[in-house]
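Please read all numbers here as calculations on a predicted model, not as lab measurements.
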Amino acid sequence: VQVINTVSPTHLFFVTLEISMMGGIMSRLLKVERIFYVISGLGNFFFYKKMKYKFMKLLYYLSFQVFNKSKSTKFIFQNKEDKKIFLNQKYIRDVDSIIIQGNGVVIPNIQKRSRKINANQLIFCFAGRLSVSKGFGEFITACKVIHRAYPGIKFQIAGSCSPDTEDFFSKQFYEEI
């Protein structure tokens, strides 16, 4: 808050859910013309039933619904499903939100091209949390399919795993790969 007040911005953009929640709380202390919350995805924790996740959802509700009853606040979503969840759970009002094209891939727009591949020089790397929600299982499945067709291709994994949490694979899964 102190840094933001020192800079005295007229507009603030909060990106990612965690930062948006903190921004919602901070927005009550700030004197800015417009505040934008960019919601690129809710993440799996939003759907868990455990008490700690319910508590986090309550904090989101408070930061978005209670602290942001202002015409100067806009929520920017990258998909209609997330916006619908926020509307249904009364985090926001429809008038305070818009949907923009997300940063995902539209498969029908991708054109297939034939290429010569030197499989001994090609490396695929997965960089991210090794979790279900981040697509790690799909990466492993794709590796198996690609490796059968091109045995010389290499695959790398750069990320952390916590097999004891809901969104991660079993310890056995990690040992097998």
Side-chain angles (χ1 to χ4, degrees), residues 1-111 124-139 142 156-162 165-169:
V1 174
Q2 188 177 18
V3 172
I4 293 172
N5 279 333
T6 301
V7 176
S8 298
T10 58
H11 294 65
L12 288 175
F13 285 81
F14 295 106
V15 182
T16 77
L17 263 179
E18 295 82 5
I19 299 300
S20 295
M21 180 179 65
M22 290 184 276
I25 295 167
M26 289 181 353
S27 68
R28 295 295 279 182
L29 308 170
L30 304 172
K31 294 177 179 148
V32 296
E33 292 175 28
R34 297 290 308 244
I35 298 173
F36 298 89
Y37 298 96
V38 181
I39 311 295
S40 60
L42 296 183
N44 258 9
F45 95 88
F46 212 81
F47 305 100
Y48 292 150
K49 305 289 183 211
K50 287 185 177 179
M51 189 55 125
K52 68 180 178 181
Y53 300 115
K54 288 181 179 182
F55 178 70
M56 288 297 293
K57 285 171 55 173
L58 175 63
L59 289 178
Y60 283 119
Y61 176 81
L62 291 173
S63 71
F64 293 142
Q65 179 36 299
V66 175
F67 296 140
N68 286 296
K69 291 221 179 235
S70 166
K71 291 180 182 177
S72 66
T73 301
K74 192 62 93 177
F75 290 83
I76 302 169
F77 292 89
Q78 290 188 12
N79 65 67
K80 61 185 175 203
E81 293 82 13
D82 290 349
K83 178 180 175 181
K84 185 176 176 182
I85 289 168
F86 267 51
L87 289 170
N88 289 342
Q89 296 185 9
K90 308 217 182 306
Y91 284 66
I92 62 167
R93 299 176 308 168
D94 192 38
V95 70
D96 298 328
S97 64
I98 61 171
I99 298 175
I100 62 170
Q101 174 141 3
N103 52 3
V105 175
V106 181
I107 299 294
N109 294 346
I110 298 174
Q111 296 177 358
F124 286 95
C125 181
F126 180 92
R129 278 194 332 243
L130 311 183
S131 65
V132 174
S133 63
K134 297 297 180 186
F136 184 63
E138 288 82 356
F139 177 77
Q156 296 178 345
I157 300 168
S160 62
C161 65
S162 297
T165 59
E166 293 180 39
D167 193 33
F168 288 87
F169 297 92

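Once rounded to the nearest 0.5 Å, the distance linking CZ of Phe36 with OG of Ser72 reads 9.0 Å. Summarising the geometry, atom NZ belonging to Lys83 is positioned 11.5 Å from atom CG belonging to Asn88; distances are rounded to the nearest 0.5 Å.
Of all the heavy atoms in Ile92 and Ser97, the pair that sits closest is CD1-CB, 3.7 Å. Residues Asp94 and Leu87 come closest through the heavy atom pair N-CD2, 3.3 Å.
Side chains of Gln78 and Ile39 form no contact here, defined as non-hydrogen atoms less than 4.5 Å apart. Within the 4.5 Å cutoff, the side chain of Ile35 has heavy atoms near those of the Phe14 side chain. Under the 4.5 Å side-chain criterion, counting only non-hydrogen atoms from C-beta, Asp96 is in contact with Arg93. Residues Asn79 and Ile99 fail the side-chain proximity criterion, which asks for heavy atoms closer than 4.5 Å.
With Lys74 contributing its side chain and Val95 its backbone, the two residues share a donor-acceptor pair below 3.5 Å. Distance alone, capped at 3.5 Å, places no donor-acceptor pair between the Arg34 side chain and the His11 backbone.
Remark: Ser40 pairs with no residue by the side-chain hydrogen bond (donor to acceptor under 3.5 Å, both in side chains) rule, at least two apart or across chains. Under the ring-ring contact (aromatic ring centres under 6.0 Å, His included) criterion, Phe126 pairs with Phe136, Phe139, not counting sequence neighbours. Residues passing the side-chain contact (heavy atoms from CB on, under 4.5 Å) test with Gln156 are Ile123, Cys125, sequence neighbours excluded.
By the 30° and 60° cut-offs, the orientation of the rings of Phe77 relative to Phe86 is perpendicular.
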